[in-house]
**Q** 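Quick one: the structure is below, and I'll ask about it shortly.
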Amino acid sequence: MTVALSFHDVRKSFGPVQVLHGVSFALQPGRIVGLLGENGAGKSTLMKIASGYEAPSGGELHIDGRPVHFGGSRSAEAEGIVLIHQEFNLADDLTVAQNIFLGHEKKRGWLLDDAAMREGAAQVLRQVGLAVDPDTKVRQLIVAEKQLVEIAKALSRKARLLIMDEPTATLTPGETERLFQLMSQLRADGVTIVYISHKLDEVERITDEVIVMRDGRFVAREATARLSRQQMANLMVGRELSDLFPPKQPVSGDAAAPLLKVQRLSVPGWADDVSFEVRPGEILGFAGLVGAGRTELFEGLLGLRPHHAERIEIGGRSVRLRSPRDAADHGLTYLSEDRKGKGLHVSFGMTENLTLMDLQRYATPWLRRGDEQAALKAAVAEFGIRAGSLSLRASSLSGGNQQKLALAKVLQPKPSVVVLDEPTRGVDVGAKRDIYFLIRKLAAEGRGVIVISSELMELIGLCHRVAVMRAGRLQATLSAEHLSEEELIAHATGTH
């Protein structure tokens, strides 16, 4: 078949750091190709070169056998190559229709043809299964809806090669199913799809073949049917990767008072009369579909949303939490699911991010940079943060290392209870294993850990108990011996 796009000895350096080392492979039309690798393997950089967002330092790209040089993403889109970013590339103050046609506006003479753009937007929104008015402002959408707008925007560009970077990270199972049906239809129409994902079960199901990168190099290409998920994971990390989840330790504090006890907490519009508790050494999971109210429940608990509760106890004492600072002062911290928007200041350095929640320790009576640097060195060692230099900005780290830095940050105040919202979203299988073992370590130290996750196997593998929410209400709390995907899905969908 005619080759849609091929890479020939593509290299890329950022200053003295070389991130791609002579990558060569070809993509054929009408195929779904899984592009696998740990964070920092070079996948996203290579795809940014393919879509015109970065220029290669060496080597060439060929389309249909002819060399091409992109001056930017617009010239790549003119060739039919469209990238759906992992981090949203949307303008919050514009409408859905305006975002879909941004930079590609339809006109009638000298004027914008708003009616045609609304109609075109409605058509691609139907394709992705998103039932929102095209005139809705993007800022009014939840995270999963924004992801579907990104996919709709790419479809409006009539892509010949569609690159999807973690497209299902925020989608419900139903939305993911709809996306897979759409991908199958696009493949049948001859579109090439590059699917970047750390969810190996999805890669196994939807792709025709996988290409594996490691440390900026091409290392393997195989038909998906010939590889097990375990073999995929081993190729990604370059070693045998077994025991993804640490063994569960018994909760030593079974007879002890709860570290956190919440009675009848409500967050207007999101959660209603939710009660739960977590004990020393316990990992408590929260499951539920997108929109079930899990994140909003804990944002309310920490004072980020209006809320009311009959009683909140931390360490056996009744408390009132008006803000995350109040919560941290009482020993409760929260890591947001939005790593780049709320978890880290990505334009700040690693040091500033790490110590931000506990500045009083490092800035009384004045800022002691030596102590901050010592704290960062200790965190890098303890959390396994891989960085070429301790002076890097957070934006320069890979997704998995950003997540580890964010986790180290929320643990700086030494909380007794830590809430982790989607702690492994968008990180590779090696970083996931690291984070799982860090979570186990926190529990082993006697802390209470709450994990909110959309990955059911993550909850089953990690947690002592899992609370399931649906439509703002707590449906059930299941102990470890009753945890299964079928049970969790049944409670989350109301079919139990």
**Q** For Ser13, check side chain to side chain contact (heavy atoms under 4.5 Å, CB included) against everything at least two apart and list the hits.
**A** Gln18, Ser57
**Q** Short question: side chain of Glu145, backbone of Ile142 - any donor-acceptor pair under 3.5 Å?
**A**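 Yes.
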**Q** Got a donor-acceptor contact below 3.5 angstrom from the Arg74 side chain to the Gly103 backbone?
**A** yes
**Q** Do Arg294 and Glu299 sit within salt-bridge range, that is, some charged N less than 4.0 Å from a carboxylate O?
**A** no
**Q** Under the rule for salt bridge (Lys or Arg N to Asp or Glu O under 4.0 Å), what residues qualify as partners of Lys409, not counting sequence neighbours?
**A**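 In terms of salt bridge (Lys or Arg N to Asp or Glu O under 4.0 Å), with neighbours along the sequence ignored, Lys409 is linked to no residue.
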**Q** Under a 4.0 Å threshold between the charged nitrogen and the carboxylate oxygen, would Lys146 count as salt-bridged to Asp92?
**A**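 Looking at Lys146 together with Asp92, the answer is yes, because their closest N to O distance falls below 4.0 Å.
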**Q** Please list, chain by chain and in numerical order, all residues satisfying salt bridge (Lys or Arg N to Asp or Glu O under 4.0 Å) with Glu485, sequence neighbours excluded.
**A** none
**Q** Can you confirm whether or not the ring centre of Phe286 sits under 6.0 Å from the ring centre of Phe298?
**A** yes
**Q** Are Asp165 and Ile163 close enough that some pair of their side-chain heavy atoms sits under 4.5 Å apart?
**A** no
**Q** Where do Val138 and Ala91 come nearest, in terms of heavy atoms and distance?
**A** CB-O, 3.8 Å
**Q** Would you say Arg157 and His104 are linked by a side-chain donor-acceptor pair, where the criterion is simply a distance under 3.5 Å?
**A**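 Judged by distance alone, the side chains do pair up.
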**Q** Taking side chain to side chain contact (heavy atoms under 4.5 Å, CB included) as the test, write out the residues that go with Ala116, two or more places apart.
**A** Lys106, Asp113
**Q** Relative to the ring of Phe245, is the ring of Tyr436 parallel (under 30°), tilted (30 to 60°) or perpendicular (over 60°)?
**A** parallel
**Q** Take a 6.0 Å sphere around CZ of Arg393 and say whether it holds more than 12 heavy atoms from other residues, nucleotides or ligands.
**A**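 For Arg393, atom CZ is not crowded (no more than 12 foreign heavy atoms under 6.0 Å).
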**Q** If a pair satisfies side-chain hydrogen bond (donor to acceptor under 3.5 Å, both in side chains) and one of its residues is in residues 125-144, list it, with sequence neighbours excluded.
**A** Asp93-Arg139
**Q** Is there a donor-acceptor contact under 3.5 Å linking the side chains of Thr45 and Glu54?
**A** no
**Q** Does Glu77 reach the main-chain N or O of Ser75 with its side chain, forming a donor-acceptor pair under 3.5 Å?
**A** no
**Q** In terms of side-chain geometry, is the basic nitrogen of Arg66 or Glu79 positioned less than 4.0 Å from the acidic oxygen of its partner?
**A** yes
**Q** Under 3.5 Å, side-chain donor or acceptor atoms of residues 184-193 against the rest of the protein: list the pairs with distances, not counting sequence neighbours.
**A**
residue: Ser184; atom: OG; partner: Phe180; partner atom: O; Å: 3.1
residue: Gln185; atom: NE2; partner: Asp189; partner atom: OD1; Å: 3.2
residue: Arg187; atom: NH1; partner: Asp208; partner atom: OD1; Å: 2.9
residue: Arg187; atom: NH1; partner: Asp208; partner atom: OD2; Å: 3.2
residue: Thr192; atom: OG1; partner: Gln28; partner atom: O; Å: 3.2

**Q** Quick one: do the Asp9 and Ser24 side chains pair a donor with an acceptor below 3.5 Å?
**A** no
**Q** Run the salt-bridge test on Lys404 and Asp434 with the 4.0 Å N-O cut-off and return the result as yes or no.
**A**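 Answer for the salt bridge query: yes.
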**Q** Counting only heavy atoms not in Glu119, do more than 12 fall under 6.0 Å of its CD?
**A** no
**Q** Would you find a donor on one side and an acceptor on the other, under 3.5 Å apart, between the side chain of Lys43 and the backbone of Gly37?
**A**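 It does hold such a pair.
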**Q** Salt bridge or not for Arg425 and Glu458, using N-O below 4.0 Å?
**A** no
**Q** Distance-only, no hydrogens or angles: does the Ser51 side chain make a donor-acceptor pair with backbone N or O of Met47 under 3.5 Å?
**A**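 Checking the backbone N and O of Met47 against the side chain of Ser51, a donor-acceptor pair under 3.5 Å is found.
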**Q** Is Glu202 salt-bridged to Arg205, going by a charged N under 4.0 Å from an acidic O?
**A**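 Not counted as a salt bridge, because no side-chain N and carboxylate O are separated by less than 4.0 Å.
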**Q** Is there a donor-acceptor pair under 3.5 Å between the side chain of Arg221 and the backbone N or O of Val210?
**A** no
**Q** What I want to check is whether the side chains of Glu60 and His69 have a donor and an acceptor closer together than 3.5 Å.
**A**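 Checked: Glu60/His69 side chains show no N/O donor-acceptor pair below 3.5 Å.
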**Q** Do Gln403 and Thr424 pair up side chain to side chain, a donor and an acceptor below 3.5 Å, judged on atom types alone?
**A**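 Side chains of Gln403 and Thr424: no pair found under 3.5 Å.
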**Q** Indicate whether the side chain of Thr207 and that of Thr224 have a donor and an acceptor atom separated by less than 3.5 Å.
**A** yes
**Q** Cut-off 3.5 Å, side chains only: do Ser347 and His345 have a donor facing an acceptor?
**A**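 Ser347 vs His345: no donor-acceptor pair found between side chains.
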**Q** Lys377 vs Glu372, test: salt bridge (charged side-chain N to carboxylate O under 4.0 Å, His left out). Steps then yes/no.
**A** CA-CA 9 Å; Lys377 286 180 183 176; Glu372 282 193 307; over 6 Å; no
**Q** Do Leu36 and Leu200 come within less than 4.5 Å of each other through their side chains, counting heavy atoms only?
**A**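 Side-chain contact under 4.5 Å: yes.
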**Q** Atom NZ of residue position Lys48 - does it have more than 12 heavy atoms of other residues, nucleotides or ligands inside 6.0 Å?
**A**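 No.
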**Q** Can you check whether Arg386's main-chain N or O pairs, donor with acceptor, with Asn401's side chain at less than 3.5 Å?
**A** yes
